[in-house]
A.B. asks: 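The structure is given below, and queries will be raised subsequently.
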Amino acid sequence: MKKTVIALIVALSTAGFVGLYVFDPGRPDPATVTPATAPSVFEALEIPTSVPAGVPAERTVDGSAETDKYGTVQVQLLLSGDRISEVRFLRQPEPGRGADAVKVLQQATLAAQSAEIDTVSGATMTSESYLKSLQAALDAR
């Protein structure tokens, strides 16, 4: 009887540790993902999207390709006047935490309208590569 109880405790403990090992806090819970009808970042922050007269409507600027051990990141900015209206990826890291982090970095860039944003915890190297590519694109505009 004692051996059965000990075996059961060991099995349950192992299952718990395996569950913690494969848990990835960077992935959103499907139940909490916002629906497609949610307001855009511009609407939520009330950022004007109109372009003054005489300013080119839209143009793109490519950032540098930055490589780390998780892959290569290269951004392309879609600019409306001097405002960043969209951040696109010409290259992005392999699926995993880094790939999940780029979505957060995109939103932060649109809100800040600069490269002065925080790195994403758990994806520091990818965040730093993103920031270097973003700064190169901003410098080139």
A.B. asks: Could you work out, with side chain to side chain donor-acceptor pair (under 3.5 Å) as the rule, every residue matching Arg91, not counting sequence neighbours?
C.D. replies: none

A.B. asks: Among all residues two or more places apart in sequence or in another chain, which pass the side chain to side chain donor-acceptor pair (under 3.5 Å) test with Gln135?
C.D. replies: Asp139

A.B. asks: With a 4.5 Å cut-off on side-chain heavy-atom distances among I, L, V, M, F, W and Y, is there a chain of contacts connecting Val61 to Leu110?
C.D. replies: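 As far as the 4.5 Å side-chain criterion goes, Leu110 and Val61 are connected within one cluster.
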
A.B. asks: Applying side chain to side chain contact (heavy atoms under 4.5 Å, CB included), name anything that partners Ala136, two or more places apart in sequence or on another chain.
C.D. replies: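 For Ala136, the residues satisfying side chain to side chain contact (heavy atoms under 4.5 Å, CB included) (neighbours in sequence not counted) are Ser64.
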
A.B. asks: Looking at Val87, Leu131, Val75, Leu138, which hits side-chain contact (heavy atoms from CB on, under 4.5 Å) with Thr109?
C.D. replies: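 With Thr109 as partner, side-chain contact (heavy atoms from CB on, under 4.5 Å) holds for just one option, Val87.
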
A.B. asks: For the backbone of Ile84 and the side chain of Gln113, can you confirm whether one donor and one acceptor N or O come within less than 3.5 Å of each other?
C.D. replies: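 Flag set: sc Gln113 to bb Ile84 pair under 3.5 Å.
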
A.B. asks: Check whether Ser85 reaches the backbone of Leu78 with its side chain - one donor and one acceptor, N or O, closer than 3.5 Å.
C.D. replies: yes

A.B. asks: Listing request: all side-chain hydrogen bond (donor to acceptor under 3.5 Å, both in side chains) pairs with a residue in residues 69-79, at least two apart in sequence or in separate chains.
C.D. replies: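 Output for this query lists Asp62-Gln76, Thr67-Thr72.
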
A.B. asks: Report yes if some heavy atom in the side chain of Thr119 is under 4.5 Å from a heavy atom in the side chain of Leu105; otherwise report no.
C.D. replies: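 They are not in contact (no side-chain heavy atoms under 4.5 Å apart), so the answer is no.
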
A.B. asks: Quick check: do Thr126 and Val102 have side-chain heavy atoms less than 4.5 Å from each other?
C.D. replies: yes

A.B. asks: Is it true that a side-chain atom of Arg141 and a backbone atom of Asp82 form a donor plus acceptor pair closer than 3.5 Å?
C.D. replies: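 The answer is yes, because a donor-acceptor pair under 3.5 Å joins these two groups.
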
A.B. asks: Using a 3.5 Å distance criterion without hydrogens, assess whether the side chain of Glu58 forms a donor-acceptor pair with backbone atoms of Leu79.
C.D. replies: no

A.B. asks: Contact between Glu66 and Tyr130 at the side-chain level, heavy atoms closer than 4.5 Å - yes or no?
C.D. replies: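 When only atoms from C-beta onward are counted, Tyr130 and Glu66 do not touch, as no gap falls below 4.5 Å.
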
A.B. asks: For Val104, enumerate each residue passing the side chain to side chain contact (heavy atoms under 4.5 Å, CB included) test, keeping only those at least two apart in sequence or located in another chain.
C.D. replies: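 With sequence neighbours excluded, Val104 shows a side chain to side chain contact (heavy atoms under 4.5 Å, CB included) to Val120, given in chain and number order.
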
A.B. asks: Who passes side chain to side chain donor-acceptor pair (under 3.5 Å) against Thr124, sequence neighbours left out?
C.D. replies: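 Residues passing side chain to side chain donor-acceptor pair (under 3.5 Å) with Thr124: none at all.
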
A.B. asks: How would you list, by chain and number, every residue that makes a side chain to side chain donor-acceptor pair (under 3.5 Å) with Ser129, sequence neighbours excluded?
C.D. replies: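 Asp68.
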
